[in-house]
Amino acid sequence: MRTTSRRQFLKLLGATGAGLLAGRPCAARGAGTVNNDELGMLYDATRCVGCKACMAACKRVNRDSGGLAYERAPFDQDKLWDAPADLSGNTRTLIKLYKGPQNRWSYIKYSCMHCQEPSCVSVCPVSAMTKDKATGIVDYDKNKCIGCRYCQIACPFSIPRFQWERKAPQIVKCDLCRNTNLRGKGLPACAEVCPTGAITFGRRGDLLRDARGRIEANGGRYVNYVYGEHEVGGTNHLYLAGVPFPRLGLPRLPAEAPAEFSERIQHTIYKGFIAPVALYGMLCIIALRNRKKRESKGIQEEEE
Amino acid sequence: MREHEHSKEFVRVHSPILTKPFYFFLALSLVGVYFIILRFVRGIGAVSNLSDGYPWGIWIAYDVATGTAIACGGYAVAILVYIRNRWQYHPLIRSAILTSLFGYCLAGFSVMVDIGRPWNAYGFFMPSRWQPNSAMFEVALCIMGYCVVQIIEFFPSLLCVLEHSKLKWLQKAIYHFHPRHTPQDEALVRTTVEWVHSATAWFHPKFNTILIFIVALGLVLPTMHQSSLGSLMLIAPTKLHPLWHTGFLPLLFLINCMYMGYAIVILESLVSSYLLKREYEVEELSGLAHIIPWLAAVWLAVRLGDLIQRDQVALVFKGDKYSLFFLLEFLLLAGGSLLLFESKRWRSPRWLFATAVMMLLGGALYRFNVYLIGFIPGTGWRYFPSFAELMISVGIVSIEILGYQVLIKFLPVLPNPHMHRDIAHVKPPKAAEAVARA
Ligand code: SF4
Ligand code: SF4
């Protein structure tokens, strides 16, 4: 009986401690646990034909809500074209063509990976980047953002982009059409318009199973690896391809989430805010005692 | 009477304000202000070379990360005086706090120039938006808190002025707002002035009693945010070069700001003594110089031990850009502290100057390496600050120097050369004593 109550007490203590130091649910998620119920996308590079319908749909649908403009090319006198060369403050998703040796060509699509443990959310000082608990969507709120660009520093995929040329700039990145297409039609615009089925939208667990199935059924076609399954603690945006991923611009990354590492250190230092308070108390005591010493020595002083 | 005696520990500098250096720094400041205005009118991209790969440039690496370390003089001296009970360093404290205050306020200001949506910064005061996992959240709150603490710490010099001046400006103000006052009404003015005098005289000792708690806060806050400045880069293990990315970043940044703090106090004192043609404060400075190599030795030990433990020593000798910058940083710091291990150099202003500069450059380079040079966002990204970017940083530093120049002529900040020589005679620092005997 006594042991149970003590255990309960310890549990309670642990919970309050964790609550204090985590502050927000985004952090203290057990290391290595992956929530396969979150929403994500599977992009199959071998099915993509590079039509860029997804890019067009993304801008059409999110132009207003995402503050996106058209990217002008140098040749474009008449402002007729949208010609982004890279992800940018106006472009949330982009298709590129990789021309490998021996005609190993492959299209590749870039957009936010919707990490299981997003670095961008972990570092944002004012909670402008958030991860939705139920859907796992990493969303951005320009009305909270101070524009410090720490999320850009932190993201291992260099996904968030900043509107450098604007007076009231904001961060731009994919939010799975959370506020637009997903709300109205139940899936992101890019997945809706893709004519070849290269983009599949769904729960992460289902997508993973689907991806493994495709590799098994079609061994020669794919690199035997699902990119995003383990990278930085797992991402909800998954990739299949026929060309090694680093060549497609998807970096080789460790399995540990950077946020896990940094938060572990930060939490060790600031556990329950005990260390700073203790330090303050100690300093006060030492300083007071030193003052007494000086006074007893008869040195008159003026504090500063 | 007692108060009056004390106020003599510090004196105002009696020399004209509008000197040549004043105009020089004024000009630089104005250029900086021009570009700052341009930045707000035309956007960050228009004035800077920042990009999505290098979202942080010299405004963060210099003005914030390095600037606040250089401004750690107040922190470093306060540790000595209040915690290690070395009262003989007290004469240095006001000027140290003044430079710290300037350094931190301007770091805060340059953050406002740097961030893209400063109008949302009020979010730091809304608990619903707090994000304690973010090192930047902590840095921001601590720096704001520290600015307030330092302003309070600076009150005594204002109080001294209030107590002892004739308050001409107050009299003038009264005449200005009550134009009907004729000289016959002077009695009223006199009572007002007397009232102010007695009020400050009453307030000053009370204030001194509680000040120690604020001083302690002024030690905790820099400890927190200086280490967190290192934590900021913990999140980028894949982007920060392995020579610099380590779990010890917070500790390294903390120690780094301490020896830089002592070095800047030495440098500042030497330079202002030289320029204002005052006697060098060799006694105090030699004491500070004596601490630096020990701190640096601990720092270097952590740094090397960490590289060995992470098995990254080979990178040091790779001969690429990164190993060169590492070696430069290392040589400056190891060289400076080795020189300072020899006690005869503590009393030579020349050596003090040279070693302080080495420690500052080395320490600053370390911070630059972590924030810029060792930061590798991926292929295809390049960064070198634009002219406008540089001028904004130069302008901000000029404003700092300008403010310091002006304030030491208005407020009793610098140590009184006569008074504190006496103190030094009564209680010479141990180190100095040893040297004298040798
Ligand atoms: S890919 Fe980058 S921006 Fe997207 S959730 Fe992960 S860390 Fe955030
Ligand atoms: S730029 Fe905005 S979203 Fe990114 S970390 Fe800073 S405040 Fe958060």
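Labels below follow one simple rule: chain letters A, B, ... track the order of the sequence lines, proteins then strands, and each chain is numbered from 1.
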query = What is the minimum heavy-atom distance between A:A287 and B:I212, and which atoms define it?
reply = CB-CG1, 3.6 Å

task = Could you tell me which non-hydrogen atom of B:Y82 sits nearest to which non-hydrogen atom of A:R294, and how far apart they are?
result = CD2-NH2, 4.4 Å

ask   = Nearest heavy-atom pair of B:I83 and A:N290: which atoms, and what distance?
value = O-ND2, 3.0 Å

task = Go through the atoms of B:V139 and report whether side chain, backbone, both or neither lie under 4.5 Å from a heavy atom of chain A.
result = neither

request  = Mark yes when over 12 heavy atoms from residues, nucleotides or ligands other than B:Y54 sit less than 6.0 Å from its OH; otherwise mark no.
outcome  = yes

request  = Tell me, for B:F375 versus chain A, whether the close heavy atoms (under 4.5 Å) come from the side chain, the backbone, both or neither.
outcome  = side chain

ask   = For A:P251, is it the side chain, the backbone, both, or neither that has a heavy atom closer than 4.5 Å to a heavy atom of chain B?
value = neither

query = Which answer fits B:A135, side chain, backbone, both or neither, if we ask what part of it has an atom under 4.5 Å from a heavy atom of chain A?
reply = both

note = Under 4.5 Å to a heavy atom of chain A? For B:I152 that would be neither

task = Take B:L234 and A:F261, measure what side-chain contact (heavy atoms from CB on, under 4.5 Å) needs, and give me the verdict at the end.
result = CA-CA 8 Å; B:L234 286 176; A:F261 175 72; 3.9 Å; yes

query = Can you check whether A:P125 reaches B:F124 side chain to side chain, under 4.5 Å on heavy atoms?
reply = yes

key: A:R291 side chain near B:T209 side chain, heavy-atom distance below 4.5 Å   = yes

message = Among B:A46, B:A236, B:G218, B:G247, which residue has the highest count of heavy-atom pairs closer than 4.5 Å to chain A?
response = B:G247

inquiry  = Return the OG to CD distance between B:S134 and A:E263, rounded to the nearest 0.5 Å.
reply    = 9.5 Å

inquiry  = Tell me whether A:R149 is salt-bridged to B:D52, with the criterion being a basic N under 4.0 Å from an acidic carboxylate O.
reply    = no

query = What do the steps show when you test A:V123 against B:F137 for side-chain contact (heavy atoms from CB on, under 4.5 Å), and what is the final call?
reply = CA-CA 8 Å; A:V123 300; B:F137 168 74; over 6 Å; no

Shortest non-hydrogen separation from A:S158 to B:K239 and the atoms involved = OG-NZ, 3.4 Å

ask   = By a 4.5 Å heavy-atom criterion (distance strictly below it), what part of B:V81 contacts chain A: side chain, backbone, both, or neither?
value = backbone

task = Over all heavy atoms of both residues, which pair between A:S127 and B:Q131 is shortest? Give the atoms and the distance, please.
result = OG-CG, 3.5 Å

remark   = Of A:S119, A:S88, A:A128, A:G89, the largest count of non-hydrogen pairs under 4.5 angstrom with chain B goes to A:S119

Interatomic distance, B:R117 atom CZ to A:F162 atom CZ [nearest 0.5 angstrom] = 8.5 Å

key: Check: B:N133/A:Q266 side-chain N/O donor and acceptor closer than 3.5 Å   = no

message = Within the 4.5 Å heavy-atom criterion, are B:S228 and A:Y270 side-chain neighbours or not?
response = yes

remark   = Max heavy-atom pairs within cutoff under 4.5 Å with chain B, candidates A:L253, A:I146, A:I265, A:I269, goes to A:I146

query = If you tally heavy-atom pairs under 4.5 Å against chain A, which of B:P250, B:S227, B:P237, B:G116 wins?
reply = B:G116

task = Could you please spell out the steps behind the side-chain contact (heavy atoms from CB on, under 4.5 Å) verdict for A:Q152 and B:W56?
result = CA-CA 9 Å; A:Q152 294 193 288; B:W56 287 353; over 6 Å; no

key: Partner chain A: residue of B:T223, B:L141, B:V220 with the largest heavy-atom pair count (under 4.5 Å)   = B:V220

request  = Heavy atoms only: give me the nearest B:T238-A:P254 pair and the separation to one decimal.
outcome  = CG2-CD, 3.8 Å

message = Nearest 0.5 angstrom please: A:I153 CD1 to B:M136 CE, how far?
response = 8.5 Å

key: Contact listing (chain B partner; residues 163-173 of chain A; heavy atom under 4.5 Å)   = A:W164, A:E165, A:R166, A:K167, A:A168, A:P169, A:Q170

message = Can you tell me which residue among A:S262, A:P156, A:C155 is in a side-chain contact (heavy atoms from CB on, under 4.5 Å) with B:I235?
response = A:S262

